[in-house]
Amino acid sequence: MHQPDDDTAHSYDPQAIEAKWQAYWDEHRTFRSLGPGDPGFDATKPKCYVLDMFPYPSGVGLHVGHPLGYIGTDIVARFKRMTGHNVLHPMGYDAFGLPAEQYAVEHGVHPRITTEQNIENMERQLRRIGLSYDWDRRIATIDPDYYRWTQWIFVQLFESCFDARSQTARPVAELVADLEAGALVATAEGGVAPTDEAGAGARGWSTLSPAERRAVIDGQRLAFLDEVPVNWCPGLGTVLANEEVTNEGRSERGNFPVYRRPLRQWMLRITAYADRLLADLEAVDWPESIKQMQRNWIGRSEGARVDFAIQGSDETLRVFTTRPDTLFGATYMVLAPEHPLVDAVTVADRRGAVEAYRTAAAERNERDRQADGKVKTGVFTGGFAVNPVTGQPIPIWVADYVLMGYGTGAIMAVPGHDQRDGDFARAMGLPIVPVVLPDAAWLAERNLTETAYLDGIAEAEEVFTGQGRGIRSANAEVSLDGLATPEAKRVITAWLAEKGLGQPQVQYKLRDWLFSRQRYWGEPFPILHGPDGEIRTVDAAQLPVELPPMENFSPEASDDPDAAPRPPLGRAPADWREVEIDGVTWRRELNTMPQWAGSCWYYLRYIDPHNDRALVDPAKERYWMAPGGVDLYVGGVEHAVLHLLYARFWHKVLFDLGHVSTPEPFGRLYNQGYIQAYAFTDSRGVYVPADEVEAQGGAYSHAGQPVQREYGKMGKSLKNAVSPDEMAEQYGCDTLRVYEMAMGPLDASKPWSTRDVVGASRFLQRVWRNFVDDRTGASRLSDTPAPEDLKRLLHRTIQRVTEDMEGLRFNTAIAALIELNNALVPREDLPRELAEPLTLMLAPLAPHLAEELWQRLGHSGSLAYAPWPACDPAWLVEDTLELALQVMGKVRGHLIVPADADAEAIEALALADAEVQRHLAGKTLRKVIVVPGRLVNIVAS
RNA sequence: GGGGCGGUGGCGAAACUGGCAGACGCGGCGGACUUAAAAUCCGCUUGGGUAACCCCCAGUGUGGGUUCGAGUCCCACCCGCCCUACCA
């Protein structure tokens, strides 16, 4: 047997070093961030707020993919401390929500207990990676001290309304004052408008009853109750936001069926902010793909609303269209099956067919529709509308290709210029009228003449949906013939407006945010319901409204789609459910907030986590947030639309109300990639533990049996998860950090390879052996000056690493450090003037090893705030340069020239080169191109 | 269907505003040290023409183009991943 003591007594011992320095950092509170008001705070230093998307503390613990972004931000935070910044780098837990509750239900323990256990375990794992968080600022969304302010923000939303003119939120009290003063009146539609702009039927404040007044006010609040069609999921016993429902019409969590049904729910008026959420994307430094996803989600489109008269009825059918210029081609109308006017337009002998279709459509979930592809179904109602420009009666159909959830739930169908309408019209034999002439290029591509196009329109599979020139679009008052599409839109919209038949309109895909859940494990609403339906908020002094203690907190799930929602808080003790104020008994709101609530503002709380008078102190908020918000926010793409849009919305409200100083919360956003992993299935298709699979040649086997390789996410189900704990045990967390960062660019997804980890380990061991003779334990440090070539290499390395740190290119920074370190290996000693900067540059990446080496260099204390090495440009200048010699673009040799040689001299030297001469033999010299510092290219023929 | 990102050795990947393709790491091959092994150190490692050197040819998904010069720019196409999806 070997004798490890003698051999390894002085070798790199990551476990000992890492334990030692993690204890040191804790004990000395090395990473505590000082801000305004803290003793010792230096306001002259620039600030840097480096933020991770905080995790949901799941019970299964972390795998090596989870900390990828955390390691990246940690490196940035450490680098910024060394470059003289005040750094705010906090961590916390997004601990409310469905999964926590389900986990708790399954394990029969109160969600708080299981959640706190999970937090503890996750934090142990995070601390072991050596992340330099200021743990004093740790928050969890489930802490009453935290959700007190989540509730407080909800109160602000409830007490605010959106002023369309100024495009900002303002207190409801101001709105009431304007109404009382007569500056505003209630409109006929139930809205609010300036007195001089209000249309017919507007009423002054003084003429309204108290109930009417309340209705008007409630209609303006940013948080409001509304009867809306929601995604009701009986299997989970709760309603879900659109974003929590899959394309297949099931719950994202649990995969239960989801049904559409109307329920009275809390809503947040995010649509009021649609334009600002869209416009302000221009001002932030985010990946273009994320911005695009948000733009798509907001889905702004410009068009017009048009009112169609219904024959034999006083009702009008209102539609939204982006192509009002095609109005002359509208040959029929389509209502969504759920449209409220379906009954009114259906004639008696069509009623049976229409009812059958509606029932079928209601049962047909999204998955069935998906399977049916583009096959369009529908049924004629027997009713007719009147095309307002042609005066022609056009049939009204019901079809499920029109969605109640967008626009008005009704369309004017223009089969000549909309692919869907065209498909439907051909299937149903409805007339198709072309009213836009395609341009010549479109026709030429399809070998069509204008006449052939117009004649073939009824049979053409492909519909012309582009811009062109109007035809067959004229009546006695207005003509679009010959007009280009944009101009035609303007003309017809103006005409419709003049006749009172339509208006220009902007439409959004974005819906208001459904904000209530029938859950126990979430923030209670700070809302009380009065006996007469009146709603009031809980006084700020009474916050937080804490979750009541309960034995049975599980939701009442059901297989019955018609089962009524019964929130768990309905079973809370009566002394919680009911509150008496001035002799009146109020009932608490029994719903809770969705998981997104707590993550909408946590980045603000980190700034001032223990403040019990405000959600954040204004001076501290200004210091850390102004001018551009969080300086670096790192997380996964999966939050591209939900979390990031909701947080921006809340932030803008807080900005309007004067609680924060920037219009946007996150100035720079960066998405880390995913670490994926190979997984292996046996002949039965069952996953086998990936770490037991052996590879030979191109084939893989497990326990002697051949297995199939797959590639996917790391996780329990694929039996391919690798935990950071096992990596830390085997190699140390510095190695884990270096390996993960060296794998490739931070924003790329890449496959985990445990086999490759040894490369990072070898690098750190080699660094160690450059400092320490691992046989004797003697220091190799010396005070001899470094030779010039190594000094040059050092300063080139400083330059490369510094630039890479700024650009989050840690993979190439590590490569540069490896090159420098490898150049030191052949030396007997290690000159101090090389050792110090090497240690400092290593510090963000492998902080424990760097601290240990720093101590061995004779420094006391931590290097966390030691100045980052400066690159001396004098050492970047070379005396001579090596240029590539090309003949006809191919490298034929190299040339060493003085750095200051001029182009003429270089050209002469190049032409004199023997290899060049050989390749030029028999050719005529045409041109010589000299690229300074790079190459010489000789063109000949 | 729409939008976005990507395709470079056996593998993960480098390559600044067009300028020596493959840095760095893994794996592989050879050597040194060792009784031996591990560890470590040194060398080689895109393919082909040679077993090796020199040298030559080809080469960044495919086919064209611009340029003295293209992984990088332009056009067309193929493949993969992600998002979105009857949004009027």
Side-chain angles (χ1 to χ4, degrees), chain A residues 2 7-8 11 247 287-293 295-297 299 301 303 319-323 326 334 336 366 369-370 372-376 399-403 405-414 418-421 423-424 507-510 637-638 640-641 674 676 695 697-698 711 738-739 742-745 747-760 762-763 765-766 769 774-775 800 803 809 811-819 822 825-826 882-894 915 918 926-929 931-940:
Chain A
H2 67 293
D7 289 351
T8 61
S11 58
N247 290 332
E288 196 49 43
S289 61
I290 300 288
K291 290 189 185 184
Q292 198 53 44
M293 284 163 78
R295 287 188 197 110
N296 291 344
W297 194 260
S301 58
V319 302
F320 171 73
T321 177
T322 56
R323 292 295 300 271
T326 62
V334 184
E366 297 289 331
R369 286 203 200 177
Q370 187 102 342
D372 292 347
K374 299 263 176 222
V375 179
K376 293 201 167 37
D400 66 0
Y401 83 92
V402 173
L403 310 174
Y406 183 75
T408 62
I411 61 159
M412 64 176 216
V414 184
D418 181 286
Q419 188 66 48
R420 299 154 299 182
D421 297 343
D423 293 346
F424 188 79
Q507 187 70 42
Y508 301 93
K509 262 166 69 179
L510 183 70
V637 258
E638 68 270 23
V641 276
Y674 292 107
Q676 310 210 73
Y711 182 58
V738 170
Y739 170 66
M743 286 172 81
D747 58 357
S749 288
K750 48 236 157 181
W752 175 265
S753 173
T754 299
R755 194 177 67 173
D756 294 1
V757 176
V758 70
R762 284 182 192 149
F763 163 52
Q765 288 183 46
R766 228 172 346 241
R769 282 196 304 270
D774 63 347
R775 289 180 184 274
R800 286 171 67 185
E803 285 173 3
R809 291 183 298 270
N811 52 332
T812 48
I814 290 167
L817 289 172
I818 290 174
E819 284 181 59
N822 285 351
V825 166
E882 188 177 338
L883 305 181
L885 286 182
Q886 292 184 342
V887 178
M888 302 298 293
K890 293 189 180 195
V891 179
R892 300 299 182 183
H894 289 90
E915 278 298 317
R918 195 163 71 78
R926 297 288 176 202
K927 204 198 282 189
V928 179
I929 290 146
V931 182
R934 293 272 180 193
L935 53 73
V936 184
N937 189 14
I938 295 159
V939 185

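The shown structure was predicted, so the numbers you read here are calculated from the model rather than taken from an experiment. The chains referred to below are lettered A, B, ... by the order of the sequence lines, with proteins before strands, and numbering in each begins at 1.
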- [ ] Compare all side-chain heavy atoms of A:Thr812 with those of A:Arg800 and state whether any distance is below 4.5 angstrom.
- [x] no
- [ ] Look at A:Arg892 and B:C56 and indicate whether a side-chain polar atom (N or O) is within less than 4.0 Å of OP1 or OP2.
- [x] yes
- [ ] Between B:C68 and B:A85, how far apart are the C1' atoms? Round to whole Å, please.
- [x] 49 Å
Task: Spacing of the C1' atoms in B:U72 and B:G7 (rounded, Å) - done: 14 Å
- [ ] Give A:Ser753 one of three labels, base, sugar-phosphate or nothing, depending on what nucleic acid heavy atoms sit under 4.0 Å from its own.
- [x] nothing
TODO: Say whether, by atom type as modelled, one donor and one acceptor occur between the side chain of A:Lys750 and the main chain of A:Pro745 under 3.5 angstrom.
DONE: yes
Open item on the list: Classify A:Arg762 by what it touches in the nucleic acid, base, sugar-phosphate, or nothing, heavy-atom distance under 4.0 Å.
Closed with: sugar-phosphate
Task: Selected nucleotide, minimal atom distance to A:Val939 side chain, candidates B:U40, B:G27, B:C68 - done: B:C68
Task: P-based separation of B:G71 from B:U60 [nearest Å] - done: 7 Å
Task: Aromatic plane relationship, A:Tyr739 with A:Trp752 - under 30° parallel, 30 to 60° tilted, over 60° perpendicular - done: perpendicular
Open item on the list: Could you tell me if the side chain of A:Thr326 sits less than 4.5 Å from the side chain of A:Met412, heavy atoms only?
Closed with: yes
Open item on the list: Once hydrogens and angles are ignored, does a donor-acceptor distance under 3.5 Å link the base of B:C68 to the side chain of A:Asn937?
Closed with: yes
TODO: Report which part of the nucleic acid A:Leu935 touches: base, sugar-phosphate, or nothing (heavy-atom distance under 4.0 Å, all strands).
DONE: base
TODO: For B:G64, decide between syn and anti, treating a glycosidic angle within 90° of 0 as syn.
DONE: anti
Task: Span that lies between the P atom of B:A39 and that of B:U50, in whole angstrom - done: 38 Å
- [ ] Using the closest heavy atom to pick a nucleotide of RNA chain B for each, name whichever of A:His894 or A:Glu288 lands nearer the 5' end.
- [x] A:Glu288
TODO: For B:C56 and B:A21, measure between their P atoms and round to the nearest Å.
DONE: 13 Å
Open item on the list: I want to check one thing: is the phosphate of B:A39, taken as OP1 and OP2, less than 4.0 Å away from some side-chain N or O of A:Arg775?
Closed with: no
TODO: Give the nucleotide from the list B:G4, B:G27, B:C20 with an atom nearest to the side chain of A:Gln886.
DONE: B:C20
Open item on the list: Between P on B:C26 and CH2 on A:Trp752, what's the gap in Å once rounded to a whole number?
Closed with: 15 Å
- [ ] Could you measure between the two C1' atoms, the one in B:U46 and the one in B:C11, and give it in whole Å?
- [x] 13 Å
- [ ] Report which part of the nucleic acid A:Pro826 touches: base, sugar-phosphate, or nothing (heavy-atom distance under 4.0 Å, all strands).
- [x] nothing
Open item on the list: Could you tell me the Watson-Crick or G-U partner of B:U67, where both distances fall under 3.5 Å? Say none if there is no partner.
Closed with: none
- [ ] Please tell me which of the listed nucleotides, B:G3, B:G27, B:A21, lies nearest to the side chain of A:Gln292?
- [x] B:G3
Open item on the list: Without decimals, in angstroms, what is the distance between A:Arg766 CZ and B:C26 P?
Closed with: 7 Å
Task: Nearest-angstrom distance from the residue atom CG of A:Leu817 to P of B:G25 - done: 12 Å
- [ ] Could you tell me which nucleotide pairs with B:G6 by Watson-Crick or G-U wobble geometry, both distances under 3.5 Å, or answer none if nothing does?
- [x] B:C79
- [ ] May I ask you to say what A:Arg295 touches in the nucleic acid, namely base, sugar-phosphate or nothing, with a heavy-atom cut-off under 4.0 Å?
- [x] nothing
Task: Test item: A:Arg809 side-chain N/O and A:Glu803 main-chain N/O as donor-acceptor pair under 3.5 Å - done: yes
- [ ] Identify whether any heavy atom of A:Glu882 sits under 4.0 Å from a base atom; if not, whether one sits that close to sugar-phosphate; answer base, sugar-phosphate or nothing.
- [x] base
TODO: Specify the separation, in whole Å, of atom CG of A:Asp756 and atom P of B:G28.
DONE: 11 Å
Task: Rounded distance in Å - CD1 (A:Ile290) to P (B:G3) - done: 18 Å
TODO: Compare side-chain N and O positions of A:Lys750 against OP1 and OP2 of B:C81 and report whether any pair is under 4.0 Å apart.
DONE: no
Open item on the list: Contact between A:Met888 and A:Val939 at the side-chain level, heavy atoms closer than 4.5 Å - yes or no?
Closed with: yes
- [ ] For the residue pair A:Leu817 and A:Glu819, establish whether any side-chain heavy-atom pair is separated by less than 4.5 Å.
- [x] no
- [ ] Taking atom P in both B:C5 and B:C57, compute the distance separating them and give it to the nearest angstrom.
- [x] 38 Å
Open item on the list: B:G25, OP1 or OP2 - any side-chain N/O from A:Asn811 closer than 4.0 Å?
Closed with: no
Task: Strand partner of B:C11, provided both Watson-Crick or wobble distances fall under 3.5 Å - done: B:G25
TODO: Establish, with yes or no, whether the OP1 or OP2 oxygen of B:G18 is under 4.0 angstrom from a side-chain nitrogen or oxygen of A:Arg934.
DONE: no
Task: Phosphate contact (B:G28 OP1 or OP2) by A:Arg755 side-chain N/O below 4.0 Å - done: no
Task: Partner nucleotide, any strand, of B:C16 [Watson-Crick/G-U, under 3.5 Å] - done: none
- [ ] Rounded to whole angstrom, note down the P distance from B:C75 over to B:G80.
- [x] 23 Å
Task: Contact nearer the 5' end of RNA chain B, comparing A:Thr812 with A:Val931 - done: A:Thr812
Open item on the list: Do A:Gln292 and A:Arg295 pair up side chain to side chain, a donor and an acceptor below 3.5 Å, judged on atom types alone?
Closed with: yes
